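Everything on this sheet refers to the single structure shown next.
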Amino acid sequence: MIGNRLSALLAEGLSAAQAAGEVGAAPAVAFAVERRDDELADYSSAEALRLARIVRAPPRAIAEAILAHLPPSPLVRRAEVAGPGFINVWLDDAWVFDQIQTVNAAGPAFGRSDQGGGARVQVEFVSANPTGPLTAGAGRGGVVGDALARLLEATGHDVTREYYVNDAGHQVEVLGQSVYHHYAAVFDAQAPFPADGYQGAYAAAWGAQIAREDGPRWLGGGAAADAAAFEARAVGIGLAEIRRDLDDLGIEFDVWFSEHDLRARGEVARALATLEANGYVARRDGAVWFVGGAGMEDRENVLVRSRGDPTYFAADIAYHRDKFETRQFERVIDVWGADHHGHVPRMKAAMEALDMDASAAQLEILVTQMVGIRTDGALGRQGKRSGKFVPLREVLDDVGPAATRYFFLSKAIDSQMEFDLELAKRQDPENPVYYIQMAHARCAGIQRTAAAAEASDGTAAASGAGASDSTAAASGAGALTDDDAALARLSLAFPEIVADAAQNREPHRVTHFLLDYARAFHAYYNKHRVVTADAALTARRLELVQAVRHVLANGLRLLGIDAPERM
RNA sequence: GCCCCCGUAGCUCAGCGGACAGAGCGGCGGCCUUCUAAGCCGCGGGCCGCAGGUUCGAAUCCUGCCGGGGGCGCCA
């Protein structure tokens, strides 16, 4: 990556300057190099300014000394000191154009790296209860988790995508009762609707579906004949709907991990036994409590209810132990919704109580902030049990998967976002995602033009007999312009964007880069013609266009958005 | 009361220690006989919530305050 190479180059310059006694000794410096790509510079470093304090010398003098000892490099056309002591670097155009061939040789792999070293990483996301349809908020977690998984794969990680299915516990019981109430009603039988039951219309729909498909065989007294089996039946419908939504969003999981199975295997009991052996358990009021975890001094949490059944917390502890101890993931990334943020500290405390390393190095918990859905101009309150929420399905049907994914991936995860449904629908054709896709389609269009010309005349350029590019013509046949160089330079920045986005767990960086990149290409497209009578120029520009197409396609693939050839 | 996130252009949001603060949408004005006008070019628009502090340098870090959202259950 260019940034790394320039960084190393500057570090060499500094060492040489220090060896020559021109700069004082200092601890090893990793030169931070920033990509600028504006009038000021292509790349820039402010490291001399920071060094000034350490070696007690004027920053400009340090920067000058570094440049004086800079080893020659094919990448660098020019390097100079600017302002208070910035080191500005301009890339060599010839080197940049050479790299375009490297881009095309890599093709779909351009942007990938092995910085992950093959580490086994689990990304657990969505994991919404199968007690109702996915909400728009769950969609955010899904899209972000999926994009993160794609980024990690592209940067050399061995990724497992996992959905933790809460198919056991109190909420599932309540769901079973809620659905059974409606199911029984189909056969004119009475069954109580639970006090905290699921109010959404879907509960009735599921009840009707079971009645239609299974007949009256579940009928019991006030409850289903085989309550556990009936719950499983309802959960099955819920999961099927969830899978369909996720499928339409282009999200696939490697593992659907069942909480029910985890309990059945005795893992929850085993985790509780370990906690107790380690002295983190207290019994009070007939319940079992988690006490004394690091940072949990002022809060105690129930592990086993007085009724005798374990809580979600207890099951999640066992689940995370399974991730690390049984399956040996080197790193686990949980993507949770904002409503779970209170669960973070106790989860980490519990990991430590199990003698596990819950440090950020192993367990990362990313919390996505709320998605406010604005309908009819008002921000609605979301809640699955109240039945008042905007289903992901509705968003998907209204704005489509590409725009939905783009919207969720265009913001940092810790920013609360507002999704105005009406606006989203109306703005459909104006959505930036189509702007990026259009850039890709235009690349394909240029290639079609070139191919058609070649087929009829033997050369791509011949087709452009009448066409020319006035800007390029001014500098002579076959000459590329500064605009070609700028577009090529921007293309070469892509791998770095991907690496940074993966490392920081910030998929939105890719989104923003692509928007910027598409803008650069559209401007270029309007100003310059690729297929012209100038055969040499045409050939070189077709290479550039091919590289642009790879960057756009690869970037969109990371976001899970398709790259159409025509629009 | 305690905890988490956010206050940046009319709206939705980037930028999160460096050089003049950016984009999309919206507004105004131009550009289609040549590779898709789902495009391009130009203009207008900001005490970066407020007040202190740290720093050579703060939208960016720290503290306090104000405002918005969320969480604090023997729910998950």
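Note on naming: letters A, B, ... go to the chains in the order of the sequence lines (proteins, then strands), and numbering restarts at 1 for each one. Because the structure is predicted, anything quoted here is derived from the model rather than measured.
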Practice item. Pick base, sugar-phosphate or nothing for A:Gly445, based on heavy-atom distances below 4.0 Å to the nucleic acid. Key: sugar-phosphate

Exercise for review: Please determine if a side-chain N or O atom of A:Arg442 lies less than 4.0 Å away from the OP1 or OP2 oxygen of B:A37.
Suggested key: yes

Review point. How about A:Leu303 and A:Pro310: do any of their side-chain heavy atoms sit closer than 4.5 Å?
Key: no

Practice item. Identify whether any heavy atom of A:Arg299 sits under 4.0 Å from a base atom; if not, whether one sits that close to sugar-phosphate; answer base, sugar-phosphate or nothing. Key: sugar-phosphate

Practice item. In whole angstrom, give me the gap between the P atoms of B:G42 and B:C25. Key: 15 Å

Exercise for review: Would you verify whether the NZ or CZ of A:Arg519 falls within 45 degrees of the ring axis of A:Tyr435 while also being under 6.0 Å from that six-membered ring's centre?
Suggested key: no

Point to revise | Touch class at under 4.0 angstrom, heavy-atom based, for A:Ser415 against every strand present | key: sugar-phosphate

Revision key, fill the gap. Against the side chain of A:Arg305, the closest entry in B:A14, B:A76, B:A19 is B:A76

**Study point:** B:C43 versus B:C62 - spacing of their C1' atoms, nearest Å
**Key:** 41 Å

Considering only nitrogen or oxygen atoms on both sides, find all protein atoms under 3.5 Å from nucleotides 57-63 of chain B and state each distance.
none

Study note, to complete from the structure: Looking only at B:A76, B:C4, B:A19, the nucleotide nearest the A:Gln369 side chain is B:C4

Practice item. Could you work out the separation of B:G17 and B:A23 based on their C1' atoms and round it to a whole Å? Key: 22 Å

Review point. Heavy atoms under 4.0 Å, any strand shown: does A:Arg346 hit a base, just sugar-phosphate, or nothing?
Key: base

What nitrogen or oxygen pairs link the protein and nucleotides 22-24 of chain B at under 3.5 Å?
residue: B:A23; atom: O3'; partner: A:Arg519; partner atom: NH1; Å: 2.7
residue: B:G24; atom: OP1; partner: A:Arg519; partner atom: NH1; Å: 3.2

**Study point:** Span that lies between the C1' atom of B:G46 and that of B:G15, in whole angstrom
**Key:** 14 Å

Check your understanding: Are side-chain heavy atoms of A:Leu542 and A:Val530 found at a separation under 4.5 Å?
Key -> yes

Check your understanding: Checking A:Arg305 side chain against A:Arg307 main chain: does a donor-acceptor pair fall under 3.5 Å?
Key -> no

Practice item. Describe the nucleic acid contact of A:His508 in one word from base, sugar-phosphate, nothing, applying a heavy-atom distance below 4.0 Å. Key: sugar-phosphate

Exercise for review: Classify the nucleic acid contact of A:Ala287 as base, sugar-phosphate or nothing, counting any heavy atom under 4.0 Å across all strands shown.
Suggested key: base

Check your understanding: Nearest to the side chain of A:Thr449 - B:C13, B:C40, B:C35?
Key -> B:C35

Practice item. Could you tell me whether the side chain of A:His170 reaches within less than 4.5 Å of the side chain of A:Asp196, counting heavy atoms only? Key: yes

Check your understanding: With no hydrogens and no angle check, do the side chains of A:His528 and A:Asp484 hold a donor and an acceptor under 3.5 Å apart?
Key -> no

Review point. What does A:Tyr525 touch in the nucleic acid at a heavy-atom separation under 4.0 angstrom: a base, only the sugar-phosphate, or nothing?
Key: base

Check your understanding: Is a side-chain donor-acceptor pair under 3.5 Å present for A:Tyr164 with A:Asp316?
Key -> no

Practice item. Tell me the stems RNA chain B sits in, counting at least three consecutive Watson-Crick or G-U wobble pairs, each under 3.5 Å on both distances. Key: B:1-7 with B:66-72, B:10-13 with B:22-25, B:27-31 with B:39-43, B:49-53 with B:61-65

**Study point:** Span that lies between the C1' atom of B:A19 and that of B:U60, in whole angstrom
**Key:** 15 Å

**Study point:** C1' spacing across the pair B:C47 / B:A59, given as an integer number of angstrom
**Key:** 12 Å

Practice item. Could you measure between the two C1' atoms, the one in B:G24 and the one in B:G45, and give it in whole Å? Key: 15 Å

Review point. Contact class for A:Ser44 (heavy atom, under 4.0 Å): base, sugar-phosphate, or nothing?
Key: base

Check your understanding: What's the closest nucleotide to the A:Arg36 side chain, out of B:A19, B:C74, B:A76?
Key -> B:A19

**Study point:** Quiz item: cation-pi between A:Arg442 and A:Tyr525, 6.0 Å / 45°
**Key:** yes

Point to revise | Sugar-phosphate, base or nothing in reach of A:Asn504, heavy atoms under 4.0 Å | key: nothing

Exercise for review: Identify whether any heavy atom of A:Glu47 sits under 4.0 Å from a base atom; if not, whether one sits that close to sugar-phosphate; answer base, sugar-phosphate or nothing.
Suggested key: nothing

Check your understanding: Is the shortest side-chain N to carboxylate O distance from A:Arg263 to A:Glu267 below 4.0 Å?
Key -> no

Practice item. Starting from the C-alpha separation in whole Å, work towards a yes-or-no answer on side-chain contact (heavy atoms from CB on, under 4.5 Å) for A:Phe125 and A:Glu162. Key: CA-CA 7 Å; A:Phe125 58 110; A:Glu162 186 153 320; over 6 Å; no

**Study point:** Minimum heavy-atom distance between A:Ala128 and A:Ile242, given as atom pair plus value
**Key:** O-CD1, 4.4 Å

Check your understanding: With a 4.0 Å cut-off on heavy atoms, is A:His170 in touch with a base, just the backbone sugar-phosphate, or nothing at all?
Key -> sugar-phosphate

Check your understanding: Rounded to the nearest Å, what distance is computed from the CD atom of residue A:Glu300 to the P atom of nucleotide B:C72?
Key -> 18 Å

Check your understanding: Roughly how far apart, to the nearest Å, are B:A58 and B:C50 at atom P?
Key -> 16 Å

Check your understanding: Are side-chain heavy atoms of A:Glu47 and A:Ile66 found at a separation under 4.5 Å?
Key -> no

Review point. Hey, is the main chain of A:Arg284 close enough, under 3.5 Å, to the side chain of A:Trp289 for a donor-acceptor pair?
Key: yes

Exercise for review: Using a heavy-atom cut-off of under 4.0 Å over every strand shown, decide if A:Ala412 touches base, sugar-phosphate, or nothing.
Suggested key: sugar-phosphate

